[in-house]
Amino acid sequence: QVQLVESGGGSVQVGDSLRLSCGASGRTFSSYYVGWFRQAPGKEYEFVAAINWNGLNTFYGDSVKGRFTVSRDNAKNVVYLRMNSLKPEDTAVYYCAAEDDINMSDYDLAQEYDYWGQGTQVTVSS
């Protein structure tokens, strides 16, 4: 089992950058797939990014490709989401999620992840 805590959210201006962190407890975190999802008010969860256990495979939602970068430091039990060139439509609560048994084709499906953090708010103002 793993517990996740997100941090790094905040209120920024258009074009600014933020780095979110997803800290995890549990000795086996390095074997978990980690996904980032976001949810804006009144909307469904949107897939943002995912990273496999060793960080060699990363995936991104179409709306963030080229602007966001996901990475991980297994020695520190942390996964990062670097967000550049932020836009108002990036405003949402951002969640990290982890799963140790996921099909490679399902990394963008929120329902495939068993463990979730509490979320961190990101607000981008124009």
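Nothing here was measured: the structure is a model prediction, and the numbers come from that model. When reading the values below, keep in mind they use all heavy atoms of this one structure, side chains included, and skip hydrogens, waters and symmetry mates.
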Query raised in the report: According to the ring pair (Phe, Tyr, Trp, His ring centres under 6.0 Å) rule, which pairs have a member within residues 68-92, sequence neighbours left out?
Result: none

Query raised in the report: Are L20 and V12 joined in one hydrophobic group, where the rule is that I, L, V, M, F, W and Y side chains link up if heavy atoms are under 4.5 Å apart?
Result: yes

Requested in this report: Could you list all the side chain to side chain donor-acceptor pair (under 3.5 Å) pairs where at least one residue sits in residues 9-26, not counting sequence neighbours?
Outcome: S17-N84

Requested in this report: Using atom types as modelled and distance alone, determine if a side-chain donor or acceptor of N52 lies under 3.5 Å from a backbone N or O of N57.
Outcome: yes

Query - Common cluster, Y115/V93, ILVMFWY with side-chain heavy-atom separation under 4.5 Å - result: no

Report task. Answer yes or no: is there a side-chain heavy-atom contact under 4.5 Å between L4 and V34? Result -> no

Query raised in the report: Hey, are D90 and K87 close enough for a salt bridge, meaning a charged N less than 4.0 Å from a carboxylate O?
Result: no

Query - Y32 six-ring centre to R72 NZ/CZ under 6.0 Å and within 45° of normal - result: no

Query - Among V14, T123, L18, side chain to side chain contact (heavy atoms under 4.5 Å, CB included) partner for L86 - result: L18

Report task. List the steps and the verdict of side chain to side chain contact (heavy atoms under 4.5 Å, CB included) for R67 and M83. Result -> CA-CA 6 Å; R67 300 189 297 123; M83 307 185 295; over 6 Å; no

Query raised in the report: So do the side chains of Q1 and T28 get within less than 4.5 Å of each other, counting heavy atoms only?
Result: no

**Report entry** Within 6.0 Å of CD in Q111, more than 12 heavy atoms from elsewhere
**Finding:** yes

Report task. Take V2 and D100 through the test side chain to side chain contact (heavy atoms under 4.5 Å, CB included) and record every step on the way to the result. Result -> CA-CA 10 Å; V2 65; D100 64 345; over 6 Å; no

Query raised in the report: E112 side chain to I102 main-chain N or O, any donor-acceptor pair under 3.5 Å?
Result: no

Report summary line: Heavy-atom nearest pair, G35 first then Y113, reads N-CE2, 3.5 Å

Query raised in the report: Going by the ring pair (Phe, Tyr, Trp, His ring centres under 6.0 Å) test, which pairs reach into residues 40-62, not counting sequence neighbours?
Result: F37-F47, Y45-Y95, Y45-W116, F47-Y107, F59-Y107

Report task. For the residue pair E89 and S63, confirm or rule out a side-chain donor-acceptor distance under 3.5 Å. Result -> no

Query raised in the report: Does E6 use its side chain to pair, donor to acceptor, with the backbone of Q118 at less than 3.5 Å?
Result: yes

Report task. Can you measure from CD (Q3) to CG (N77) and round to the nearest 0.5 angstrom? Result -> 12.0 Å

Query raised in the report: Quick check: does any side chain N or O of T58 sit under 3.5 Å from a backbone N or O of I51, one acting as donor and the other as acceptor?
Result: no

Query raised in the report: So, N103 side chain and S105 main chain: donor-acceptor pair closer than 3.5 Å or not?
Result: no

Query raised in the report: With a 4.5 Å heavy-atom cut-off, do R38 and L81 have their side chains touching?
Result: no

